[in-house]
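Data block below; observations after.
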Amino acid sequence: MAHRHHHHHHHASFNDIDTRPPHPYCPPTLELPGYAEPAHRTSALVLTMGASITVLILAASRLYWTRHTNAVSGGGGIPLPDRLAALWFVVCGALHTVFELYYIVHSATLAQERTLVADLWKEYALSDSRYVAATPMVRALESVTVLVTGPLCWTVAYATWSGKTHLHPVRHLAQLSASLLHLYSVSIYYGTELVGSAVSNCRPEHIYYYGYFVAMNLPWLLVPLVLGVASFREIYKSMALVQEKEEALRL
């Protein structure tokens, strides 16, 4: 009995030397060689991200709300639903082209980096360690997002701003494509974590699961549904109209 007690005590003192896990991510068994603690405080990171997106929305709003040469709407301003859709695509485009491009370029060394953008990714990764581990699935999804979805978002943003009639079909084709890609990537992203993963890659705290993993990705399921359906209807309507005219010409 005394021997067992002594053994237990020895174990506890061994624990005291190394109480801090090598990193804050789940699962704790995940190996991140050379992991460096973030250089920025969480509050600073959240504020930076919030402020950046707010400034972007305000600047883009000014662009879209002061534009009055819209051929599509017959010379008036850009219709409100189109302005709101354009703002969404500007935010998406910026995230894909700046924030996510950084990830693609730095994914291999992200765990060791302490730059502002790397720290933002490290903070988000508390809800999904696949980002800091740079799994092939995450790298593949992010590559498609950066190389394909990003340019499609900027296409919608530009076509809406220009208001030129010949860019109207381009806008809706790009909007439908970008929305489908958003829906697809979020489905794969959620699905592989919720169904396909044996262990949770999210920390146990609610803020990370509901605040980061669920809430931060949810807009890319909800908004693309609305915008995708709108573009689908617009394309359908136009093609049906063309077919009617062609049939009328044949008679």
Ignoring hydrogens, what is the shortest heavy-atom contact between Gly34 and Gln112? Give both atom names and the distance.
O-CG, 3.1 Å
By side chain to side chain donor-acceptor pair (under 3.5 Å) - contacts of Glu205 (at least two apart)
Arg203
Connected hydrophobic set around Leu241, excluding itself, where side chains approach under 4.5 Å:
none
Could you tell me whether a side-chain N or O of Arg171 sits under 3.5 Å from a main-chain N or O of Thr160, the two making a donor and an acceptor?
no
I'd like to check Arg114 versus Pro38 (side-chain heavy atoms, cut-off strictly below 4.5 Å). Are they in contact?
no
Partners meeting side chain to side chain donor-acceptor pair (under 3.5 Å) with Ser231 (sequence neighbours left out)
His172, Gln175
Taking Trp88 as the starting point, is it possible to reach Leu225 by hopping between hydrophobic residues whose side chains are less than 4.5 Å apart?
yes
Under 3.5 Å donor-acceptor, Arg83 side chain and Ile78 backbone:
yes
Checking one residue: Leu249. Which other hydrophobic residues are in its cluster under the side-chain 4.5 Å linking rule?
none
Pairing residues for Leu180 by the side-chain contact (heavy atoms from CB on, under 4.5 Å) criterion, not counting sequence neighbours:
Leu176
Before you tell me yes or no, could you show the steps for Glu193 and Arg130 under salt bridge (charged side-chain N to carboxylate O under 4.0 Å, His left out), namely the whole-Å CA-CA distance, both residues' side-chain angles and the distance that decides it to 0.1 Å?
CA-CA 9 Å; Glu193 175 64 13; Arg130 294 179 297 177; 3.7 Å; yes
Test of understanding: with side chain to side chain donor-acceptor pair (under 3.5 Å), list the residues that count as partners of Thr115, not counting sequence neighbours.
Tyr102
Is the shortest heavy-atom distance from the side chain of Cys26 to the side chain of Leu30 under 4.5 Å?
no
Polar side-chain atom of Tyr25 near backbone of Glu31 as donor-acceptor pair, under 3.5 Å:
no
Flag the pair Ser129 / Pro27 as yes when at least one side-chain heavy-atom distance between them is below 4.5 Å, and no otherwise.
yes
Would you mind listing the cluster partners of Leu58? Hydrophobic ones only (ILVMFWY), side-chain contacts under 4.5 Å, chaining allowed.
none
Could you walk me through whether Trp154 and Trp161 pass the ring pair (Phe, Tyr, Trp, His ring centres under 6.0 Å) check?
CA-CA 10 Å; Trp154 290 118; Trp161 178 82; over 10 Å; no
Ring pair (Phe, Tyr, Trp, His ring centres under 6.0 Å) partners of Tyr209, counting only residues at least two apart
Phe213
Taking all non-hydrogen atoms of both residues into account, name the closest pair between Cys153 and Ala178 and its distance.
SG-CB, 4.4 Å
Once ring pair (Phe, Tyr, Trp, His ring centres under 6.0 Å) is applied, do any residues pair with Tyr208, and if so which ones, sequence neighbours excluded?
Tyr212
Do the side chains of Met239 and Pro169 get nearer than 4.5 Å, heavy atoms only?
no
May I ask you to test the Tyr158-Leu167 pair for a side-chain heavy-atom distance under 4.5 Å?
yes
To check you understand the geometry: which heavy-atom pair defines the closest contact between Pro28 and His23, and what is its length?
O-NE2, 3.9 Å
Residue pair His40 / Leu116, side-chain heavy-atom distance below 4.5 Å
yes
Can you name the residues that form a side-chain contact (heavy atoms from CB on, under 4.5 Å) with Leu141, not counting sequence neighbours?
Met137, Ser185, Ile188, Tyr189
Residues forming a salt bridge (charged side-chain N to carboxylate O under 4.0 Å, His left out) with Glu234, sequence neighbours excluded:
Lys237
Test item: Val91 and Leu87 side chains (from C-beta on) under 4.5 Å apart, heavy atoms:
no
Heavy atoms, side chains only, cut-off 4.5 Å: are Leu95 and Met49 in contact?
yes
Less than 6.0 angstrom from the centroid, inside 45 degrees of the normal: does Lys122 satisfy that with respect to the ring of Tyr35?
yes
Across all chains, not counting sequence neighbours, the side chain to side chain donor-acceptor pair (under 3.5 Å) partners of Tyr103 are none
